[in-house]
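Every heavy atom of this structure was used, including side-chain atoms; hydrogens, water molecules and symmetry mates were not. Keep in mind that this is a model prediction, so the values were computed, not measured.
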Amino acid sequence: MQEAVRELPSPSMTFPQLVALFAGKGLDVRDLVWLSGAHTIGIAHCSSFADRLYSYPSAGNGTGTVPPLDAAYAANLRQRKCRMGGRDAAVEMDPGSFLTFDLGYYHTVLKHRALFRSDAALVTDAAARADIAGVVSSPPEVFFQVFARSMARLGAVEVKTGSQGEIRKHCAVVNS
């Protein structure tokens, strides 16, 4: 389990850290941008981004958070979902369409409402930001195509063949 977690991007990673992680797998910046779009589906627990709400260094905006997290959105989350000392509530990664595979995630990122630092980091790079802006202004099918291409590239990373691996009977348990 820990080995698998080490291979995944952390929600607190910076853009250079993400680029290095993906490059180490033979993936590029565009793969990073398009595969991050999978965050259009799902939730995040407050504990995975609480540092962005409560202990992020101030940039003089008086909220305790720094851009790119939208200050009003952060205040709403602190008040309604992620109270200090409260339960570890779940927050939609893509509010309003978190169960739909669509472009909503990228709109959220461009509005500076990405929960994870790693998602917010995408707009700190000019090329990544331009790719996002381009796909958002295109028909959804364009995103579906580029996501599929990057997912296929990810599926080819470190494939084990022959006696190097095994096909598990139950995915969570190594065959005996």
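- For Tyr73 (side chain) and Leu115 (main-chain N/O), no donor-acceptor pair under 3.5 Å exists by modelled atom type.
- For the pairing with Leu103, the side chain to side chain contact (heavy atoms under 4.5 Å, CB included) check across Asp94, Thr108, Thr40, Val135 returns one residue only, Val135.
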- Please test Leu154 against Leu27 for side-chain contact (heavy atoms from CB on, under 4.5 Å), starting from the C-alpha separation and ending with a verdict. CA-CA 7 Å; Leu154 178 63; Leu27 302 171; 3.8 Å; yes
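- Put simply, the side chain of Ile41 does not reach to within 4.5 Å of the side chain of Phe98, judged on heavy atoms.
- Summarising the local packing, CZ of Arg80 is surrounded by 12 or fewer heavy atoms from other residues, nucleotides or ligands at distances under 6.0 Å.
- One N or O on the side chain of Ser137 and one on the backbone of Gly134 form a donor-acceptor pair closer than 3.5 Å.
- Side-chain contact between Asp102 and Phe143 is absent, with no heavy-atom pair separated by less than 4.5 Å.
- In this structure the side chain of Asp119 reaches within 4.5 angstrom of the side chain of Met93, judged on heavy atoms.
- Here the side chain of Arg83 pairs a donor or acceptor atom with the backbone of Gln79 at under 3.5 angstrom.
- Remark: Phe144 engages Phe101 in a ring pair (Phe, Tyr, Trp, His ring centres under 6.0 Å) (not counting sequence neighbours).
- A salt bridge links Arg117 with Asp51: the distance from a Lys NZ or Arg NE/NH1/NH2 to an Asp or Glu carboxylate oxygen falls below 4.0 Å.
- More than 12 heavy atoms of other residues, nucleotides or ligands shown are found within 6.0 angstrom of CG on Leu8.
- Gln164 contributes a side-chain N or O that, together with a main-chain N or O of Thr161, makes up a donor-acceptor pair within less than 3.5 Å.
- A salt bridge links Arg30 with Asp131; the closest basic N to acidic carboxylate O contact falls under 4.0 Å.
- Within the 3.5 Å criterion, the main-chain N or O of Gly37 finds a donor-acceptor partner in the side chain of Tyr106.
- Of the inter-residue distances, the one linking Leu53 atom CG with Leu77 atom CG reads 5.5 Å to the nearest 0.5 angstrom.
- Dense packing is recorded around CZ of Arg153, with more than 12 heavy atoms of other residues, nucleotides or ligands lying under 6.0 Å away.
- Using bins of under 30°, 30° to 60° and over 60° for the plane-to-plane angle, the ring pair Phe116/Phe49 lands in the tilted bin.
- Glu7 has its side chain out of reach of Leu21: every pair of non-hydrogen atoms, C-beta onward, lies at least 4.5 Å apart.
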